[in-house]
Amino acid sequence: APVTASAQAAKEQFFPVLVYRTGAYAPNGVPFANGYVDYLKLVNAQGGINGVKLSFEECETGYATDRGVECYERLKGKNGGATVFQPLSTGITFALTEKAPADKIPLITAGYGRSESADGNVFKWNFPLAGTYWVAADVLIQHLAKKEGGFDKLKGKKITLVYHDSPYGKEPIPLLTERSKMHGFEFSAIPVTHPGVEQKAAWLQIRQSRPDYILLWGWGVMNSAALKEAVATGYPRDKMYGVWWAAAEPDVKDVGEGAKGYNGLALQHGAGQAKVHQDVLKLVHEKGQGTGPKEEVGTVLYTRGLMSAMLAVEGVRRAQERYGKGKVVSGEQARWGYENLALDQKKLDALGFSGVMRPISTSCADHMGASYARVHTWDGSKWNFSSDWFQSDDQIIKPMVKAAADKYASEKKLTRRTPEECQS
Amino acid sequence: MADGSVILDVRNISLRFGGVKALSDISFDVREHEVRAIIGPNGAGKSSMLNCINGVYQPQEGSISFRGKTFKHMNSRQVAEMGVARTFQNLALFKGMSVLDNIMTGRNLRMKSNLFLQALRIGPAEREEMAHRAVVERIIDFLEIQAHRKTPVGRLPYGLQKRVDLGRALAMEPQVLLLDEPMAGMNVEEKQDMCRFILDVNEEFGTTIVLIEHDMGVVMDISDRVVVLDYGKKIGDGTPDEVRGNEDVIRAYLGTSH
Amino acid sequence: MFYRENGQFKTSYRADQQIFPIRQDRIAILLMLGFAFLVIPAFASEYLYRAILIPFLILSLAAIGLNILVGYCGQISLGTGAFMAVGAYAAYNFQVRIDGMPMLLAMLLGGACATAVGVLFGIPSLRIKGLYLAVATLAAQFFVDWAFLRVAWFTNNSSSGSVNVSNLSFLGIPLDTPVAKYLFCLDVVLVFALLAKNLVRGHIGREWMAIRDMDVAAAVIGIRPVYAKLSAFAVSSFIVGVAGAMWGFVHLGSWEPAAFSIDRSFQLLFMVIIGGLGSIMGSFFGAAFIVILPIMLNQLPALFGVQIDTALASHLESMIFGALIVFFLIVEPHGIARLWSTAKEKLRLWPFPH
Amino acid sequence: MSTSPNILLNVNGIEVIYNHVILVLKGVSLQVPEGSVVALLGGNGAGKTTTLRSVSNLLAGERGDVTKGSIELRGERIERLTPAQLVQRGVIQVMEGRHCFAHLTIEENLLTGAYTRTDGKAAVAQTLEKVYNYFPRLKTRRTSLAAYTSGGEQQMCAIGRALMANPNMVLLDEPSMGLAPQIVEEVFEIVKDLNQREKVTFLLAEQNTNIALRYADYGYILESGRIVMDGKAAELRENEDVKEFYLGTGGAKDDSARKSFRDVKSYKRRKRWLA
Amino acid sequence: MGFFLETLFGGLMAGMLYSLIALGFVLIYKASGVFNFAQGAMVLFAALAMARFSQWIPAWLGFDNRTLGNVLGFVAAMAVMVAVAWLINRLVLSKLVNQEGITLLMATLGIAYFLDGFGQTVFGSDIYKIDIGMPKEPIFILDRLFEGGLLINKEDLYAALIAAALVAALSLFFQKTATGRALRAVADDHQAAQSIGIPLNRIWVIVWSVAGFVALVAGVIWGSKLGVQFSLSLVALKALPVVILGGLTSVPGAIVGGLIIGVGEKLSEVYLGPMLGGGIEIWFAYVLALLFLLVRPQGLFGEKIIDRV
Ligand SMILES: Nc1ncnc2c1ncn2[C@@H]1O[C@H](COP(=O)(O)OP(=O)(O)OP(=O)(O)O)[C@@H](O)[C@H]1O
Ligand SMILES: Nc1ncnc2c1ncn2[C@@H]1O[C@H](COP(=O)(O)OP(=O)(O)OP(=O)(O)O)[C@@H](O)[C@H]1O
Ligand SMILES: [Mg+2]
Ligand SMILES: [Mg+2]
């Protein structure tokens, strides 16, 4: 499959694509990357953004921070300048957060990255669109409370987080600690060392403490290994809840029957076919330009790739409304677009995303734009939604975001943006 | 010459390795300024004896005294500081270093400048380095290995490596020099050279020499007194002529041809 | 023909003990320095600085540090990443906890902390040798990784365990442009390279090499293995620690323990071995090789206009990288530095080889 | 140059270069007739070891290369063969500096020497007995690790190990090194014995010129990588130069009249046959 | 008590699995003095080959029988491993005779990179399944003695048995046969081994093939446990402390080391981990090995490290 549809003329909007198609996390990285690239191809097939064609180039990071930084440096100035970066790795996100402001390139981290970066007044260039890990953790607790029949029923329950021992895995801990104080459940966290193939000790501990629920914050092989250990130690899978990065096909596929009943969050979307998938199949795959295998279209991570690309593209479309339709926008202009996204249901329908996700609208202060998620459950062969939408509790998250963002600002000696500055 | 005071006194040394008795109850002394040879068949314990003196092996019994100070166990560093230098039977040169550097290591005990001075290489460190370099150059001249100064020792032929080994020991300006088969693998002419070196060191610097050697010609010619070991036991001790006449020694070692 | 030392007679030991005793070498080095300080800043792109030159310089420094331990003192270490991490996190803590701490001082203090940790983990080397030691040093690697992930104090209680620094400046000059960063790295690396070179050609360096080549004989001539080994660990981890601090501060800006993972340790070991064990110059060669090669391999297809799949490209990259390493080891097991000096030897004889 | 039928080994003008730069052998030719004992003499660094290594093909491990000339064994070119193939053809080298397998016991060391043999356990055991007979000292140390034996014991072990292969040609590199005088005699008696009774051919590099020329049939003298003189051993022994430089009996009538080592006053300048 | 036993048992089982990988290291080290860092890559490569061939072969030949597919897959994978061994010897080792240990170690790292890239190019980098019918569900024993019974994993049990059998066979081979002796000789001194006619090349092909076989077995067992994908090559890191603890040159050491490390790390993680915040098992394993080495620098059963002058 072609990697570079590089810009012949400068009149193309350039999207660098940081991917990891190799290494320990490849099985998860590949479908996401395929979705992302397929969407860009789809937009081109549909005539571009108001006539502006997209160009893109992949760069392999292998989920390693320094490779990611190198890719960033390599691509940021290419083909007339990068529009936006999506690192798809919390570690790379942290590193690029330091570099992007100087280069005036926005970062989209849809469903990952640092949770406090939702505060757009401090993190002027970060966009954790559609949800952060704090949102995810909050929604999970809400769901458990609902299952139990109210937050008060959580009291005395044991909830254990099994997490990837990295910034990614640690993100939800502050929120869960907060919630456990509020509701009186017993929260404990068990780290699993990269890459997570050896989890026997963790599961022995679980077998001993027999928590009522397990939250799984894993990535890559760690997820399937966790499920297998759950089978091996007889922990009921239907008491296990994964974050949205731990609830896709690669995580359960080779556990097969054993994973039946396992739940996971859906970041707005789950698996399944929507209009956008049909479009991709028709306009990309049938032209022989599909990036991955056809069967992948509609899977969870693939769809997340589509969605992330769509958000990246829509920001540009929005920016064009202000800076001139049919013109290539700069990174800085694109940022305005991401800061003023207004994807209402109508727009989503038009884009073919109806049923896939909920509306998103961002602002200068809110770089997340939406804080909804729902739960889906693996039935042994596919993911099915098993809950309704939950919205995370702003009353809890807002102050946490503010406090963390303030701390960051003071460390970096940044000043918060004022509402006036926002207008520009 | 052989009438100096006792500089090194080995008393009742026994050394065992598991079941193997490498040395049993060996005593002998070395007088200041003499050339003392140790001979004996293969595996008699000659090298082990030197290793005990150097603190490489710790004998189970016995003691060694150096200039009147008695030690139960020797510690390599102490021994070196007391002025005992050594060459090795199976070449123990620093293979990755040049001839010059190998010999320079012999001066290390005398080099005092600290890490920081060395890193900056200013003033005292530089002067110290130069002063010792001058000494080492004299040794290099003495051993006639000028041409190989910068060659890594691993590339040198065996005989020259032996010479470098000697040079390294000489660089310590030792009072006692222990030589373990310094002439193995040399032809007559080279042996003559080596003997000359040894005698010069002995005569000019007054260095006491303990020599292990299998070439009886050399031993008989240049040593003042000879110890004979046989499978861990001492079977003879005396002047070359005495030893040559000793029945036990003839039977165990010399054979009839000498 | 032109590379001859004929007619260059040394009249003093001092002259003979210069780092580059041959005049042509000195000229070459001056030219290279001129190039590094004057020419590169005149044309290099931001990408070149950030993705290649700065990482190259910092990793060269780390490789020099590791080379002291592995190449000069013969103690194989797979825990270099850990010592870099200690340097980086310690420097970070000095920076954020003490107001007005100059960056360079913080880095040096970071190096000092790395020294302490390095010496601690060096203690087993008094008893454990060779490959056993190599594997045992992984204890340092994993322990340090773990500690920085787990102990919140080290990261100034950052919830994710990731830390960042900002507003770097050196002697009042802000380090905010790539050129400034590059020149800063270049200065530091050159100074350290010079100091390291002085050490290894001084008597401490000879002690290290003696321990490396034959420790029993070294002991017999009065070298204390304790002192030699631990000082090598100390000097090595100091340099590595400073490099770690620079990696965090200057190159990444924000990092987590994964930036100093076991992969980094292996990468550095590659550098010193490919570059040449026991050669300061070799550390630079090795770093250049290991930093630039993968990037080049990765971009090669695109340069030739060949379009291949990203995954295939990086698999190929890994294959070619592996193959090239083996190839280099076969051509010259003693590293590029040796290849270099063999080439010089040939050049000296050229055109009448024997 | 044609090889007459009874020439076992024919080395023909070889050049050897180490590390691509260091030229060590500058055209060495020598012939070893079947069933003879040929000595290779010369000072330190003359290239004796290198010559033997190029015959047994052990140069590669030292990063050395035969760049010119040819080596023939019974008329067959052998430069391309592996050392193992040479051993199968009956040529075995005893390496300078012992090279015993440190972690194997003396007996295991000896037994590895029989690796290439196919004539059964009993025959090997017999050879083992023979070696123990030659070197009784080895028998008493048979169970100790080779690394822990003395220098001389290791030397015996290395020689014994080579004999275990039942070779028909042995390249001996400094066999006398580090051995006690009577053992040296014994080693050469063994050489003689094997040579006469089992028709084993020997090419030996030796510093102990005296004894080497006593036991050898023919000798070559090597200096700085060139053969500077060769001849029947008996003739060489009578040669004045050889006497002076290699036997230490220059100017004297017989061995017993050699000068005392103590009396050699000045370092000698070695006379070069070739400047 | 029940929990302690369960942890202990879990540790023992995990340890056996580590041993299986450690065995590959020991084998090659013992027989050639090469510390083979490519062992992890070989495990992955072998497992990938097995997983893919057991899928492909039935598809090519058009039959549908899992057992037959597995057998043929195994045979094909073994053939691939032999080819790999041959190539490694031909292209790498034979050119590095008599070089220092660290050079050889680096060369094996180069091989590891190559195999990683090559394996994924040929066989793909997705998750693949090896299904040799290992039982996944746990069994519970002694439920009369302990509440809830003692949980035992049948899969682990089988794996442990296989590992034990392999070790027994290999130990015998090394100590009792002439080839075993020759292999040890090669490890001591390449050049001397050559000089007495041991054909290094043939020996190395054999050893690497056997190591390939061990890698394949390890790959199949780990692969059927975890699924076959890149991370499999990283389990080698878990085997390293096992190797040094048991002794680089000891086949039985690999087993004993594995058991000690397995038990040590599980107990530490379960009992000590919660106090320290968890995730300690990996470094604990190394620290444990380090402590043992301080007492015995050559590992429990390794050959003595000799330094003599
Ligand atoms: N591995 C090597 N690399 C470089 N040069 C070497 C190597 N081995 C030997 N030489 C050089 O080759 C020359 C001949 O060495 P060789 O070992 O053949 O001499 P020799 O006659 O056996 O000497 P000796 O009697 O001391 O053993 C020497 O000058 C030596 O420096
Ligand atoms: N570290 C050791 N472990 C076990 N045995 C040893 C050790 N060192 C020496 N021996 C044994 O002690 C005896 C004496 O050895 P030593 O090396 O002292 O002999 P030597 O007199 O120097 O002989 P040679 O003339 O052959 O060098 C030998 O039998 C040897 O095997
Ligand atoms: Mg001895
Ligand atoms: Mg020789």
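A, B, ... follow the sequence lines: proteins, then strands. Residue 1 opens every chain.
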Undergrad: Once side-chain hydrogen bond (donor to acceptor under 3.5 Å, both in side chains) is applied, do any residues pair with D:D173, and if so which ones, sequence neighbours excluded?
TA: D:T49

Undergrad: Ring centres under 6.0 Å, that's the criterion: do D:Y148 and B:F17 meet it?
TA: no

Undergrad: Under 4.5 Å heavy-atom distance to chain B, tell me which part of D:E206 shows up: side chain, backbone, both or neither.
TA: neither

Undergrad: Is it the side chain or the backbone of B:K191 that comes within 4.5 Å of chain D heavy atoms, both, or neither?
TA: both

Undergrad: Side chain, backbone, both or neither: which part of D:I183 has an atom under 4.5 Å from a heavy atom of chain B?
TA: side chain

Undergrad: In this structure, are over 12 heavy atoms from other groups packed under 6.0 Å from B:K95 atom NZ?
TA: no

Undergrad: Heavy-atom distances under 4.5 Å only: say whether B:L199 touches chain D with side chain, backbone, both or neither.
TA: side chain

Undergrad: With a 3.5 Å cut-off and no angle check, do the side chains of D:N109 and D:R142 form a donor-acceptor pair?
TA: no

